[in-house]
Every structure is written in structure tokens, then in C-alpha cells.
Amino acid sequence: MENSAGYIVGHLPGPLRVLHGTAVIVTDVLGITGNLLVIILIVTTSKLRTSHNAFVCNHSLVNLLLSIVFLPFYAVAVLAGKWPEALDPILCRFSAHFSALLWHVSLINHCALAINRYLLVGKSPAVYDKYCGRKPIAFVLLSTWFLAVAVAVIFHVKFESQYQPLFSFCITNVDPGSRLIVTVISSITVVTGMIVIPVQYYRIFRVVQASGRQFLRPTAMVPVALAETALPRRGPHPRSSASRSVTKEEIRLIKMSVIVTLVYLLSYVPISVISVIGMYNPVVFRGARLGVFILSLTPAVDPVIYAWMNRNIRKACCRVIRCQQLAHAARRR
């Protein structure tokens, strides 16, 4: 069966719809709590204000907005099996376009983070300070939002959105005459991320390997050699200009970035491919519901990875929890 847009329509049975919706609600709660905590920890803890964590904070902001803007509407649409009549259709269009904007911000942010990590381990301290100081980092972060907003505005002005049962959410309606431009824009976005990110992490691997250390099991380290304690300010960098040693903590942060990026790509690429190919062969949309659900899990998964692999974030989190426990105990007295 097809709807007026030519898409195949399919609905989940009641029990599966309830299970699906409940899973989305749990993911939403975890996403809001985890990402809000990560942002607060980075902003309020001086030791966490590094160039690496600037990108982590930006990514957590994207995840938080997704958990606030995308997941609640997604959960309601899943449980109702349609776009609820009580919700304005404008919200359907807004949530579809705004969530797409956020996913593009996240992709560009991952590309910029990969480049930042390569500059840290592969270039001299002078080069790193030049391109990764406070102003350059702020410019890069603002640029990620500007580029994503530019693409989102094009889609918002040119295309309408409607609820599609096979996605269990609202998607952009693309008429046959606009399929080529949408395919080109989507392909450039996905392919750019799939090229830039792996290439940068491969270059990082080669640098670490050439320095005589194993990437997965670092051994001899120089504790202060590349210690990235804060966003660089003007003036000399604590590292010597000739030093290219990589500390154990830096390698751990690089591995964390690789894992978070892999989680993102494994969740983002499938639904992107389904969306593009489905414009020409709607049968492909049969896998869209699972693709959207996998995509919705990342806001809840990323904070867990940060707490697991970033020792400073984990310590700050434990400190906040202990403070809350002590405050609660004091009130009970």
C-alpha cells in the first residue's frame, strides 16, 4: 500500500509499538540527563576546559537538543502510530528539519575533532597553538552550526514534511524534480564525513606508530610532553617545540573520540543511505524504522562513553554525585 507521496505505508502492531515507544522514552530521559551533566561538568570544571572537550561539549549540546526537540515527538508519534492530531502539523515540519540540522552539526563536529586530534599529535606545538587556541576553536564551533543551518534553511524553504509510518516519524517530501539536488547534498555530506574522519584518525595512528609506541597498548610515556590541560592562551605552550611524545591520557582520549565517532557513523550512515536510495526505490524504506531507532540511541550512549573513557569527566561526575549525597544527608539531619 502507498500513500499520496508514493511511499509504502506500514504500521507496527500494538505491543511492538508500545515497546518501541517505551524504549524511545527511556533513551530520551537518559539523553537529557547524561548530556546535560556532561555540559555542566565541562563548563564548571576548569580542568575539563580543553580544546578536545570543547568539541565534546558541542556534541553534547547537539545530543541534548535532540533529546528535547526530536525524541519526545518521536516517542509520541511511535506510541500513537501517526502524527497526533493534537499536535500542530507545523511541529512535524519543524522537528524533521531541526533534527536533520542537529545531525549535520554533529557530523561536522566529528570532522573538526578528528582534525584537532591530528594537529595535537602530528604537528608542532606552535602549529597546534595557532589553529587550536580559544578563538580558532570558537570560530570552528560556530562554523559547524552555520554550515548546518545553511543546509537546513534550504530544505526548510524548499520542501514540506509529513509523517511517514515506515520511519515512525516526519520526513521531508522530495518531489521528483528535486531528487537530484537532494541526492547531491546528502551524498556530499555523508561522503565528506566518511573520508575526512577515517583519514585523520589513520594519520594519527601512523604518527603514534612512528613514534615507537603502540596505539592500542601505549607503554613508555612522557607525562608532561603533550599534556593538554587547558585551551591554549597566548604565550609559550608548555610543550617544547621539538617534543612529539604522546601521553597515555591523550591516546585514551583519541580512542574515546574514535569510539564516539564510530557510534555516530554506524547510526547515521544507514538511515542516510536508506533516505537517499528510498527516493528512487521506496521498497528500501522498509528498513527506515530500525534505522531511525538506532539513530535515536546515540544521545543516550555518548555520555556513557565519555564517563567510561575520560578519567577527568568520570572524576568530576563522581564528585558531583558525592556532593549531592552529602547535601541530602545534611538535610535529613
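Quick caveat: nothing in here was measured; it's all calculated off a predicted structure. Position 1 is the first residue of the sequence; numbering continues from there.
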Of all the heavy-atom pairs spanning [X] and [Y], show the shortest one and how long it is.
X      : Y      : result
Asn53  : Ile42  : O-CD1, 3.6 Å
Ala148 : Leu101 : CB-O, 3.6 Å
Thr22  : Leu79  : N-CD2, 4.5 Å
Leu119 : Val127 : CD2-CG1, 4.4 Å
Gly193 : Cys111 : CA-SG, 3.8 Å
Trp308 : Arg314 : O-NH1, 2.8 Å

Is there side-chain contact between [X] and [Y], with heavy atoms separated by less than 4.5 Å?
X      : Y      : result
Tyr264 : Thr298 : no
Phe205 : Ile254 : no
Tyr268 : Met194 : no
Ser275 : Ile171 : no
Val260 : Met309 : no
Tyr131 : Ile115 : no
Met256 : His52  : yes
Val62  : Trp103 : no

Same apolar cluster (I L V M F W Y, side chains within < 4.5 Å links), [X]/[Y]:
X      : Y      : result
Leu147 : Leu61  : no
Ile25  : Val292 : no
Val191 : Val199 : yes
Ile197 : Ile108 : no
Val76  : Val26  : no

Report the C-alpha distance between Lys255 and Arg252 in whole Å, list the side-chain angles of each, state the deciding distance to 0.1 Å, and finish with yes or no for side chain to side chain contact (heavy atoms under 4.5 Å, CB included).
CA-CA 5 Å; Lys255 287 163 43 175; Arg252 188 173 183 84; 5.5 Å; no
Remaining members of hydrophobic cluster (4.5 Å side-chain criterion), Leu19
none
Determine yes or no for a side-chain-to-main-chain donor-acceptor pair under 3.5 angstrom, with [X] supplying the side chain and [Y] the backbone.
X      : Y      : result
Arg289 : Pro165 : yes
Arg117 : Tyr201 : no
Asn35  : Gly31  : yes
Thr33  : Leu30  : no

Contacts table for residues 64-73: side-chain donor-acceptor under 3.5 angstrom, sequence neighbours left out:
unit_1	atom_1	unit_2	atom_2	d
Ser67	OG	Asn63	O	2.9

Output, in order, the C-alpha distance, side-chain angles, deciding distance and verdict of side chain to side chain contact (heavy atoms under 4.5 Å, CB included) for Asn312 and Thr45.
CA-CA 9 Å; Asn312 291 329; Thr45 307; over 6 Å; no
Ser296 meets the side-chain hydrogen bond (donor to acceptor under 3.5 Å, both in side chains) criterion, sequence neighbours left out, with none
Output all residues satisfying side-chain hydrogen bond (donor to acceptor under 3.5 Å, both in side chains) with Trp145, sequence neighbours left out; order by chain, then residue number.
Asn58
Quick one: [atom1] on [X] to [atom2] on [Y], what's the gap to the nearest 0.5 Å?
X      : Y      : atom1 : atom2 : result
Lys123 : Tyr118 : NZ    : OH    : 4.0 Å
Ile40  : Leu48  : CD1   : CG    : 13.0 Å
Phe285 : Ile271 : CZ    : CD1   : 8.5 Å
Ser272 : Ile274 : OG    : CD1   : 9.0 Å
Lys47  : Leu41  : NZ    : CG    : 13.5 Å
Ser51  : Leu120 : OG    : CG    : 7.0 Å

Can Phe55 and Ser257 be said to form a side chain to side chain contact (heavy atoms under 4.5 Å, CB included), step by step?
CA-CA 10 Å; Phe55 292 101; Ser257 300; over 6 Å; no
Only distances under 3.5 Å count here; give the side-chain donor-acceptor pairs of residues 89-99 to other protein atoms, sequence neighbours excluded, each with its distance to 0.1 Å.
unit_1	atom_1	unit_2	atom_2	d
Arg93	NH2	His156	O	2.1
Arg93	NH2	Phe159	O	3.4
Ser95	OG	Leu91	O	2.9
Ser95	OG	Cys92	O	3.0
His97	ND1	His156	ND1	2.9
His97	NE2	Ser161	OG	3.1
Ser99	OG	Ser95	O	2.7
Ser99	OG	Ala96	O	3.0

Taking disulfide (SG to SG under 2.5 Å) as the cut-off, I'd like each qualifying pair that reaches into residues 250-311, sequence neighbours left out, listed once.
none
According to the disulfide (SG to SG under 2.5 Å) rule, which pairs have a member within residues 133-164, sequence neighbours left out?
none
Mind checking side chain to side chain contact (heavy atoms under 4.5 Å, CB included) for [X] and listing every partner two or more places apart, or none if nothing turns up?
X      : value
Leu290 : Ile294
Val304 : none
Leu142 : none
Leu266 : none

His59: which residues meet the ring-ring contact (aromatic ring centres under 6.0 Å, His included) condition with it, sequence neighbours left out?
His110
Would you say CZ of Phe139 has more than 12 non-hydrogen atoms from neighbouring residues, nucleotides or ligands within 6.0 angstrom?
no
